Amino acid sequence: MNLKAKILLIYTGGTIGMRKDFDTGALKAFNFSKLLQRIPELKQLDCEIETISFEEPIDSSNMNPQEWARMATIIESNYLEFDGFVVLHGSDTMSYSASALSFMLENLAKPVIFTGSQLPIGDLRTDAKENLITAIQIASLQENGLPVITEVCLYFEYKLYRGNRTTKINAEHFKAFTSPNYPALVESGVHLNMRPELFLAKNTGDKLVVHKNLDNNVVIVKMFPGMSETVLSAIFNIPSLKGIVLETYGSGNATTEDWFIALLVKAINSGLHIINVTQCSGGSVNMGQYETSTGMKAIGVISGKDITTEAAITKLMYLLSRNSAQEDFKTIFETSLRGEVL
């Protein structure tokens with residue numbers, strides 16, 4: 001009886017899947033059907049690896065809800081056949097995609113691990129091999145025949161993070177990602193240092209439900225000193241707009257000028273959902289701690305708590321697509337669905 005874990009490697013695009021043509025210096029897509037030939041170290045892993053690639057790999061800057069649905073469909077179609085999934089993805093929008101998939105894959109009971117690299121897989125100093133090998137190794141971990149990891153994660157530069165807790169912080173360093181408000185689930189060194197107390201609770205047997213239709217009638221607005229009433233009013237009055245992620249200062253503070261509060265009241269009364277998240281790289285929104293956020297709390301602005309902007313915008317798309325009742329939306333958003341908030 002073959003007890004080896006079966007892992008499906010899904011290549012969507014990105015630097016990790018490129019190799020350099022040393023004659024021309026141009027980057028070309030890597031042939032993942034020859035993965036074991038090009039990276040023989042993978043044969044040492046105690047798992048079986050199969051690969052599937054987008055027909056036309058995309059730069060992650062072109063990522064959108066339709067591509068997220070394509071990833072989710074591939075996972076759904078192969079869910080029973082494989083024990084884990086590793087998604088190779090460009091780093092620029094990887095945190096958005098990992099966040100989105102975490103909400104789209106309800107009742108997930110297997111690992112879905114995003115990874116990528118800063119340098120192509122064929123470069124001499126590439127980080128691609130380590131990221132790829134360890135991501136597959138972690139995805140194949142089992143205990144009593146069941147996967148150890150049962151959530152959407154992101155692995156980069158020796159650390160496995162909960163996907164919807166991550167953000168990209170550097171365009172040049174190998175340590176490109178961080179999880180500002182939640183510790184790493186696994187750290188790779190001589191051994192894999194696991195922190196199972198941080199893992200999401202295992203699915204009790206509910207069947208996987210895949211939500212493929214997200215509502216992208218949303219916008220992110222970053223507050224700054226001197227923001228124009230005219231500009232902000234124009235954004236809030238976009239006809240098809242349904243939700244706003246408002247990046248505020250510190251613990252959720254913003255201007256207390258009458259026009260701003262009036263604008264928020266009008267938007268909320270018209271059915272818009274406004275989510276308050278902090279611009280800070282770490283920490284949490286705590287509306288009411290200062291006078292500059294008390295007004296927003298009183299009129300029904302939704303607290304993003306310690307959520308990342310990436311998770312906030314994708315959670316907003318997900319919840320809007322489910323047509324939750326207006327009176328329930330605030331409670332649902334402020335509740336942790338996939339470990340995205342404390």
Side-chain angles (χ1 to χ4, degrees), residues 64-65 68 96 99-100 102-104 106 164 181 211 213-280 283-338 340-342:
N64 58 51
W68 293 335
Y96 289 95
S99 297
S102 76
F103 299 117
M104 296 168 77
E106 185 178 358
N164 58 33
N181 292 319
H211 305 274
N213 298 314
L214 302 184
D215 192 329
N216 65 348
N217 289 294
V218 294
V219 68
I220 298 170
V221 176
K222 185 168 186 171
M223 297 297 296
F224 61 89
M227 177 169 271
S228 163
E229 177 183 358
T230 303
V231 171
L232 200 58
S233 178
I235 295 171
F236 277 43
N237 285 292
I238 294 171
S240 60
L241 191 63
K242 297 179 183 178
I244 299 168
V245 171
L246 193 66
E247 285 195 350
T248 57
Y249 315 124
S251 57
N253 305 308
T255 178
T256 56
E257 290 189 63
D258 290 343
W259 69 262
F260 178 69
I261 299 300
L263 190 59
L264 295 180
V265 170
K266 180 182 176 183
I268 293 170
N269 288 342
S270 68
L272 270 178
H273 302 290
I274 301 177
I275 319 300
N276 186 359
V277 304
T278 176
Q279 296 179 14
C280 297
S284 179
V285 163
N286 184 8
M287 287 192 292
Q289 183 177 10
Y290 295 99
E291 183 183 355
T292 46
S293 62
T294 300
M296 287 191 288
K297 181 178 181 179
I299 63 175
V301 171
I302 299 168
S303 175
K305 300 183 179 180
D306 66 344
I307 199 168
T308 63
T309 295
E310 293 91 336
I313 198 69
T314 51
K315 185 176 185 178
L316 185 54
M317 291 182 193
Y318 165 68
L319 290 180
L320 286 171
S321 71
R322 302 199 66 183
N323 297 315
S324 302
Q326 178 82 8
E327 60 271 19
D328 298 332
F329 196 95
K330 183 176 187 293
T331 300
I332 296 172
F333 196 98
E334 292 180 352
T335 300
S336 175
L337 302 180
R338 310 285 192 268
E340 72 282 358
V341 292
L342 287 178

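In this text the structure is predicted, and so the values were computed from the model without any measurement.
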Worksheet entry | Pairs satisfying ring pair (Phe, Tyr, Trp, His ring centres under 6.0 Å), at least one member in residues 251-278, at least two apart | H273-F329
Fill in: K297: salt bridge (charged side-chain N to carboxylate O under 4.0 Å, His left out) partners, not counting sequence neighbours
none
Discussion item. With rounding to the nearest 0.5 angstrom, report the CD1 to CG distance, I302 to L316.
Written reply: 8.0 Å
Discussion item. Return the CD1 to OG distance between I268 and S270, rounded to the nearest 0.5 Å.
Written reply: 9.0 Å
Item to complete: For the pair Y249 (side chain) and F224 (backbone), establish whether a donor and an acceptor sit closer than 3.5 Å, ignoring hydrogens and angles.
Response: yes
Worksheet item: Can you name the closest pair of heavy atoms from F333 and S303 and give their distance?
Response: CD2-O, 4.4 Å
Item to complete: List in chain and number order the residues that pass salt bridge (charged side-chain N to carboxylate O under 4.0 Å, His left out) with E340, two or more places apart in sequence or in another chain; answer none if no residue qualifies.
Response: K315
Discussion item. Using the rule given for side chain to side chain contact (heavy atoms under 4.5 Å, CB included), can you reason through F103 versus L214, listing the C-alpha separation, both sets of side-chain angles and the distance that settles it, and then say yes or no?
Written reply: CA-CA 10 Å; F103 299 117; L214 302 184; over 6 Å; no
Item to complete: Could I get the full list of side-chain hydrogen bond (donor to acceptor under 3.5 Å, both in side chains) partners for S102, not counting sequence neighbours?
Response: N164
Worksheet entry | Test side chain to side chain contact (heavy atoms under 4.5 Å, CB included) applied to D306 - qualifying residues, sequence neighbours left out | R165, N181, S284, V341, L342
Worksheet item: Among all residues two or more places apart in sequence or in another chain, which pass the side-chain hydrogen bond (donor to acceptor under 3.5 Å, both in side chains) test with T248?
Response: N276
Worksheet, complete the sentence: Hits for salt bridge (charged side-chain N to carboxylate O under 4.0 Å, His left out) against E106, two or more places apart or cross-chain, chain-then-number order -> none
Worksheet entry | Pair N253-T292, side-chain hydrogen bond (donor to acceptor under 3.5 Å, both in side chains): steps then yes or no | CA-CA 5 Å; N253 305 308; T292 46; 3.2 Å; yes
Worksheet entry | Interatomic distance, S251 atom OG to Q289 atom CD [nearest 0.5 angstrom] | 4.0 Å
Fill in: Pairs satisfying salt bridge (charged side-chain N to carboxylate O under 4.0 Å, His left out), at least one member in residues 321-337, at least two apart
K330-E334
Worksheet item: Are side-chain heavy atoms of M223 and T255 found at a separation under 4.5 Å?
Response: yes
Discussion item. Within this structure, what is the CG-CD1 distance for the pair N217 and I244, rounded to the nearest 0.5 Å?
Written reply: 12.0 Å
Discussion item. Checking V265 now: which residues fulfil side chain to side chain contact (heavy atoms under 4.5 Å, CB included) with it, not counting sequence neighbours?
Written reply: I261, N269, I299
Worksheet item: Do N216 and N64 pass the side chain to side chain contact (heavy atoms under 4.5 Å, CB included) test, and can you show the C-alpha distance, the side-chain angles, and the key distance before you say yes or no?
Response: CA-CA 9 Å; N216 65 348; N64 58 51; over 6 Å; no
Worksheet item: If only atom types and distance count, is the side chain of T278 paired as donor or acceptor with the main-chain N or O of V285 below 3.5 Å?
Response: no
Worksheet item: Can you tell me how far the CD1 atom of I275 sits from the CD1 atom of I307, to the nearest 0.5 Å?
Response: 8.5 Å
Worksheet entry | Chi angles and distances behind the side chain to side chain contact (heavy atoms under 4.5 Å, CB included) call for M227, V221 | CA-CA 11 Å; M227 177 169 271; V221 176; 4.0 Å; yes
Worksheet, complete the sentence: What one should report as the nearest heavy-atom pair of A267 and I274 is CB-CD1, 3.9 Å
Worksheet item: Do you know which two heavy atoms are closest between M287 and S293, and how far apart they sit?
Response: CA-OG, 3.5 Å
Response to the item:
When every non-hydrogen atom of T331 is compared with those of T335, the smallest separation belongs to O-OG1, 2.6 Å
Distance-only donor-acceptor hits, side chain of residues 228-239, under 3.5 Å, sequence neighbours excluded:
from, atom 1, to, atom 2, distance (Å)
S228, OG, T230, N, 3.1
S228, OG, V231, N, 3.3
S233, OG, N237, ND2, 3.2
N237, ND2, S233, O, 2.7

Fill in: Any pair counted as salt bridge (charged side-chain N to carboxylate O under 4.0 Å, His left out), so long as it reaches residues 251-272, sequence neighbours left out
none
Worksheet entry | Mutual orientation of the aromatic rings belonging to Y318 and H211 [parallel < 30°, tilted 30-60°, perpendicular > 60°] | perpendicular
Worksheet item: Out of curiosity, K222 NZ to L246 CG, how far, rounded to the nearest 0.5 Å?
Response: 12.0 Å
Discussion item. Are there over 12 heavy-atom neighbours, none belonging to E291, within less than 6.0 Å of that residue's CD?
Written reply: no
Worksheet item: salt bridge (charged side-chain N to carboxylate O under 4.0 Å, His left out): which pairs involve residues 238-253, sequence neighbours left out?
Response: D215-K242
Worksheet entry | N/O donor-acceptor pair under 3.5 Å between S324 side chain and L320 backbone | no
